[in-house]
Amino acid sequence: MSEDPRDWEVETRLVRGGLARSPYGEISEALFLTQSFAYESAGAADARFSGDEPGFIYQRFGNPTTQMFEDRLALLEGAEACRATASGMAAVHAALTGLLRAGDHLVAGRALFGSCRWIIAEWLPRFGVETTFVDATDLEAWRAAVRPNTKAFFIESPANPLLEVASVGAVAAIAHEAGARLVVDNVFATPIFQKPLVLGADIVVYSATKHIDGQGRVLGGAILGNAEFMQETYRDILRHTGPALSPFNSWVLLKGLETLELRVRRQTENAGKVADVVADHRKSLKTVYCGRADHPQAAVIAKQMTGGGNVLAFDLGSREAAWRFLDALQIVDISNNLGDAKSMATHPSTTTHRSLSEEDRLAIGLTEGWVRVSVGLEGPNDLIRDVSRALDAA
Ligand SMILES: *Cc1c(COP(=O)(O)O)cnc(C)c1O
């Protein structure tokens with residue numbers, strides 16, 4: 001009997017999942033840098049286009065290297081289907097516009113990555129979709145926001161930048177009672193530490209740019225869910241609007257998946273150590289980290305996440321102090337990315353979240369003293385020394 005990859009451990013899935021070798025028997029996955037595919041005969045082309053025969057047609061629809069990436073990520077997530085996109089934002093955009101049409105209503109957590117917020121607040125209204133933003137941790141607020149035309153719920157959990165955690169299962173239950181679908185942006189938790197589909201979500205989206213690449217090279221994204229639903233909802237929008245992930249980037253991300261578990265676990269160990277040092281430092285007024293018992297939603301985290309992740313945030317009281325901290329760092333880079341092998345720190349209110357109005361920033365608690373750190377793979381003692389010195393300087 002042949003092995004069923006769904007019975008494999010996570011590490012095996014990441015190294016061998018989706019592997020489709022060419023007749024050459026290459027060990028490292030092949031990079032099929034091809035736009036089109038040749039058919040044996042006119043009849044074979046006809047059969048391919050009609051869907052009677054499986055196979056590739058055009059890179060915008062699918063590619064063997066991209067499919068290996070999709071199959072490996074689906075196997076990791078425990079999803080029936082995965083479609084890769086050129087960036088995380090392409091995934092969020094397609095995930096929402098595939099579900100919604102003019103006259104529909106969306107409910108979304110108010111703490112979101114800046115571009116997610118822009119799509120929902122600025123772009124969807126052009127097409128007649130209205131949104132109610134809620135405090136994602138407040139279940140009553142989700143219930144109260146539901147309207148007869150509510151078709152989708154959207155959350156980021158943990159959310160960027162202050163790591164608010166919503167109960168995925170409880171929000172999913174409210175969505176389903178309302179006849180709506182729940183979309184979860186699972187970037188901060190990573191597929192290693194949280195499985196939204198198992199918790200009740202209908203669709204998961206990733207920016208593969210973050211931990212899945214994890215080495216600062218390429219953009220990528222993915223949408224995952226039930227096969228039939230993905231086919232009905234996303235096949236045509238992805239074919240015809242063109243957010244396809246390039247085969248080269250698919251290959252980079254496929255190789256990134258091989259080491260994802262190792263990297264994320266080490267980053268998380270480092271992040272826990274850094275978070276403890278920051279929390280104990282007199283300059284930090286408040287420290288938020290999903291792996292600490294003093295996280296405001298620690299009880300929810302214990303139920304749905306199996307690790308704290310690699311991002312922490314802390315409040316140094318003022319923009320001046322936050323900037324002094326950043327400018328004093330010698331190892332950690334000042335950068336807005338996250339999930340990278342290199343540690344990075346950013347000042348969200350003047351970078352990733354600067355497009356939010358002051359009122360919206362304050363609603364999510366983002367004052368000017370907050371710093372967000374994505375902890376990388378450097379040695380923990382070097383990171384602790386660097387961060388402690390910068391905190392002293394703040
Ligand atoms: C980075 C990020 C995105 C967008 O991903 P890109 O690959 O940069 O387009 C979406 N959601 C979250 C939570 C992110 O951190």
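Start at 1 and go down the list; that is how both ligands and their atoms are numbered. Values in this document were obtained by computation on a predicted structure and should not be read as measured data.
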Answer with yes or no whether the side chains of [Y] and [X] bring together a donor and an acceptor at under 3.5 Å.
X    : Y    : answer
D360 : H353 : no
H211 : T190 : no
D202 : H176 : yes

Report task. For ligand 1, note which part of M89 has a heavy atom under 4.0 Å away: side chain, backbone, both or neither. Result ->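 Under 4.0 Å from ligand 1, M89 contributes backbone and side-chain atoms.
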
**Report entry** Separation between OG1 of T97 and CD1 of I237, rounded to the nearest 0.5 Å
**Finding:**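 Going from the OG1 atom of T97 to the CD1 atom of I237 covers 3.5 Å.
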
**Report entry** Winner among L112, V311, L219, D185 once heavy atoms are compared against atom 13 (C) of ligand 1
**Finding:** D185

Report task. Could you walk me through whether Q330 and D386 pass side-chain hydrogen bond (donor to acceptor under 3.5 Å, both in side chains), step by step? Result -> CA-CA 6 Å; Q330 293 184 31; D386 197 31; 5.6 Å; no

Query raised in the report: Any idea which protein heavy atom is nearest atom 8 (O) of ligand 1, and the distance to it?
Result: S207 OG, 4.1 Å

Requested in this report: Measure the distance from atom 1 (C) of ligand 1 to every protein heavy atom, then report the residue, atom name and distance (to 0.1 Å) of the closest one.
Outcome: K210 NZ, 1.3 Å

Taking 4.0 angstrom as the limit and counting only heavy atoms of [X], give me the atoms of ligand 1 inside it, by number and element.
X    : result
G220 : 7 (O)
G88  : 5 (O), 6 (P), 7 (O), 9 (O)
E156 : 13 (C)
T209 : 6 (P), 7 (O)
F188 : 13 (C), 15 (O)

**Report entry** Pair F153-W142, ring-ring contact (aromatic ring centres under 6.0 Å, His included): steps then yes or no
**Finding:** CA-CA 9 Å; F153 280 20; W142 287 101; 4.9 Å; yes

Query raised in the report: When the aromatic ring centroids of F325 and F314 are compared, is their separation below 6.0 Å?
Result: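 Ring-ring flag for F325/F314: true, centres closer than 6.0 Å.
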
